[in-house]
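Report on the following structure.
The structure presented is a predicted model; accordingly, all values stated were derived computationally and were not measured.
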Amino acid sequence: MQQIISKGTILSDRFVIEALENQGDMGQVYKAQDSKTQKLVAVRVIPKTLFSPADLEHLKARMQQASALMHRNVRVTFGMGVKDDYIFIAAEWIDGQNLQTLLKKRTDSDKRFSFKGAYSIIGHVCNALTYAHENQCYHGALNPRSILVNTAGRVKVHDWALSTIRINKLDYPGRKKIEAAYWSPEALKSPKAVSSRSDVFSLGALFYSLITGRAPQRPLTAPSKLGFSAEVDNIVARCMAADPKQRFRNASEVKQAIKQLATTEKTSLVPPGRVDDDLGIDIDIDFDAAEDERVATASKGMMGAPDLPPPPGKSIGDDRASTIDMGAILANSTQNDSARWMVQKDKFDHGPFNDRELIQMILIGEVLGNHGLTNMDTGERKPVRAWGDFDSYLERYRIKKQKQDEQAALEKTEKAETRGNIFKLLVAASVLGVIGLVVGGYFLTRTLRQEKQLGPDEMVNAFDSGEIQIKMGSSLNKGTAGKRRSSKGRRHSGGGGSGSGGGGKEFVDGMSYEEAMNMGVSLGDLNASGGRRLTADDINAIMSRNVRKFIPCIAGENVKRVDMNIAVAGDGRIMGVSVKQGSPKMQNCIQRKTRSIKFPASNQARTATTWYFELY
């Protein structure tokens, strides 16, 4: 295959091309070195002729979404650049192989993954999708080639920027291959129809291939005919239903459904035949690992990438032409990878964060110049602005905030003028009589009420811009340890972390705080938890990093403060949660968001805590 660019070429004055790694249906992938950090970077080079002007605009939008994703199961996308003849995309370099290669090796040797082996891989993919969907980013073209397993055993989903581009191109070769069998019917029709349920379809197809060793081509062979239970048939059928409304709602539901079967000791789940889970690496999944939440929370559900500069003008030379600021994004991503920063604000410590996480929080205004910042490596502590290393990011946020304030002031003026016009109409109406005055008053009241009412997206935007500020706090409740009894002879329920007892109650999803605290807790669970004791600071740090999730829940509610009681199991899962304020709809929303949060494992079977957040 002929290289598009030669060895030694320098892109964006930074990335030195070392070697061509592979040729794909959409360009070539090169190994490159970042001359600033000396780290390896993967650079995909795509001929410009493959893109229409509409494709290019679509790619720019997808790149902003992809570059904002930070999760241990998501391959980091750094940015893209444009030259006369080609487009290039820089991403995290990963030593490993894709899932398609792993599946082919097993097919060639007449082997396949066991149910639990498939569960280990698909669970990581579910984690990545759950995080991405929370950030309003949907993959749409998930298939075995877009799943990577690195040499350290980490499963990563990639190809976020190009996924819907592939779908949109009717001449894309993948449409004529097995690759398209993993795509949902609605995605094949239009990338605009892609949703979380589209990715659920692909999850079902991936899961089917992992356990059967076969491509998900119609007609499918029921997994039960290969020795699996009927429950496995149901999961695959529900994921791959033609009607999106009949599928699981999201990746988290898929993960839980597979997890329940994977932790059930049924011989019917182990089909006859040659099973091979050995990848030469360790891929066993820990669904309750606190790292999932810690890594994911840095972007706090951002709707897109940090505020990026506009494309440069034609006066900039080819080698430096850039659609997305490669230097800024990579500088944010490839500095010190260690979590060394602690942020002090609202009288609490938050963190630790690495450089990239801290910078992104500065860019969205979550960390300000007057907040305290401690370098845990040196112990030095001073305000963010006093460090000097973050001045450019503080300035970018200041400019962004200034523009937002100016726009808000303009809108406020326009609304004031509108109210003035309405008032003039009311004065005129008073001449016509009492009826006109009453009618005008009704419309005035309704207009003012509508102006004050913010929808979920508007609430989030107001929080991101700093118009809405939040203070938070937490404390531990009495009764943390709960009731304990011996686990001898007790069969574990698969819920992991909470046992029966205390009146015969068992842990179930959706429990209230009071129900969870009235449960018995087995000594077996206590011994299995490990870790250290959770403190009020631990609780507040993790909840504060997730507070953005709760903002949409209080839209339309006359609520400024929310108090909640939370019971945390020893393995870090939320056992039960109760919310004191608001309507049932608001309470259910906050309870649902809270249950998606994971805490570190502790040496207590149960931790009871109170946490609040207040808007001002």
Check: What is the distance from atom CG of D55 to atom OG1 of T164, rounded to the nearest 0.5 Å?
Finding: 9.5 Å
Check: With a 4.5 Å heavy-atom cut-off, do E366 and R548 have their side chains touching?
Finding: no
Checklist line | Flag, side chain of H139 to backbone of H158, donor-acceptor distance under 3.5 Å | finding: yes
Margin query: If the test is salt bridge (Lys or Arg N to Asp or Glu O under 4.0 Å), which one of R197, R247, K192 qualifies with E186?
Written below: R247
Next item on the list: For residues M543 and F599, determine if any side-chain heavy atom of one lies less than 4.5 Å from a side-chain heavy atom of the other.
Entry: yes
Notebook entry, point to check: Under 3.5 Å, side chain of N143 to main-chain N/O of R145, donor-acceptor pair present?
Noted result: yes
Checklist line | Side-chain donor or acceptor of Q581 paired with backbone N/O of D563 under 3.5 Å | finding: yes
Margin query: Keeping E253 on the side-chain end and R249 on the backbone end, is there a donor-acceptor pair under 3.5 Å?
Written below: yes
Margin query: Within this structure, what is the CD-CD distance for the pair Q260 and E231, rounded to the nearest 0.5 Å?
Written below: 10.5 Å
Next item on the list: Return yes if some donor-acceptor pair links the side-chain N/O of S67 with the main-chain N/O of M63 below 3.5 Å, else return no.
Entry: yes
Check: Would you say the side chain of E134 lies within less than 4.5 Å of the side chain of K549, judging by non-hydrogen atoms?
Finding: yes
Note to self: Working note: F115 + F207, criterion ring pair (Phe, Tyr, Trp, His ring centres under 6.0 Å); need CA distance, chi angles, decisive distance, verdict.
What the structure shows: CA-CA 9 Å; F115 190 91; F207 181 57; 5.6 Å; yes
Notebook entry, point to check: Got a sec: does the NZ of K585 have more than 12 other heavy atoms crowding it under 6.0 Å?
Noted result: no
Item checked: Lys NZ or Arg CZ of R106 over F113 ring: under 6.0 Å, within 45° -> yes
Note to self: Closer than 3.5 angstrom, by distance alone: can the side chain of N73 be matched with the main-chain N or O of V155 as a donor-acceptor pair?
What the structure shows: yes
Notebook entry, point to check: Are there more than 12 heavy atoms of other residues, nucleotides or ligands under 6.0 Å from atom CG of D108?
Noted result: yes
Next item on the list: Calculate, to the nearest 0.5 Å, the distance between atoms CG and NZ belonging to L99 and K104 respectively.
Entry: 14.0 Å
Notebook entry, point to check: Counting N and O atoms only, with roles assigned by atom type, does the side chain of S163 sit under 3.5 Å from a partner on the main chain of G140, one being a donor and the other an acceptor?
Noted result: no
Margin query: Minimum heavy-atom separation for Y138 and S195, please, with both atom names.
Written below: CD2-C, 3.7 Å
Checklist line | R573/D571 salt bridge by N-O under 4.0 Å criterion | finding: yes
Margin query: Quick check for you: to the nearest 0.5 Å, what is the distance between K60 atom NZ and E57 atom CD?
Written below: 4.0 Å
Notebook entry, point to check: Are the side chains of L142 and F201 in touch, meaning some heavy atoms are under 4.5 Å apart?
Noted result: no
Margin query: Could you measure the distance from the CE atom of M511 to the CD atom of Q591? Nearest 0.5 Å is fine.
Written below: 12.5 Å
Next item on the list: Return the minimal non-hydrogen interatomic distance between S146 and A141, and the atom names on each side.
Entry: OG-O, 4.1 Å
Notebook entry, point to check: Closest heavy-atom contact between I468 and M459?
Noted result: CD1-O, 4.0 Å
Note to self: Please give me the minimum heavy-atom distance between W160 and C137, naming the atom from each residue.
What the structure shows: CE3-SG, 4.0 Å
Next item on the list: Output, in order, the C-alpha distance, side-chain angles, deciding distance and verdict of side-chain hydrogen bond (donor to acceptor under 3.5 Å, both in side chains) for D199 and S196.
Entry: CA-CA 5 Å; D199 287 339; S196 60; over 6 Å; no
Notebook entry, point to check: Are the side chain of Y208 and the backbone of P223 linked by a donor-acceptor contact shorter than 3.5 Å?
Noted result: no
Next item on the list: Identify the two heavy atoms, one from G27 and one from P47, that lie closest to each other, and give their separation to 0.1 Å.
Entry: CA-CD, 4.3 Å
Checklist line | Residue that, paired with K255, satisfies side-chain hydrogen bond (donor to acceptor under 3.5 Å, both in side chains) out of T130, N127, N250 | finding: N127
Checklist line | Heavy-atom side-chain contact between L69 and H71 under 4.5 Å | finding: no
Notebook entry, point to check: So do T212 and T221 actually touch side chain to side chain, heavy atoms under 4.5 Å?
Noted result: no
Note to self: Tell me if a side-chain donor or acceptor on R44 pairs with a main-chain N or O of A91 at a distance below 3.5 Å.
What the structure shows: no
Item checked: Heavy-atom closest contact (I165 atom, F51 atom, distance) -> CG2-CE2, 3.9 Å
Notebook entry, point to check: Does any N or O in the side chain of S209 come within less than 3.5 Å of the main-chain N or O of R214, such that one atom is a donor and the other an acceptor?
Noted result: yes
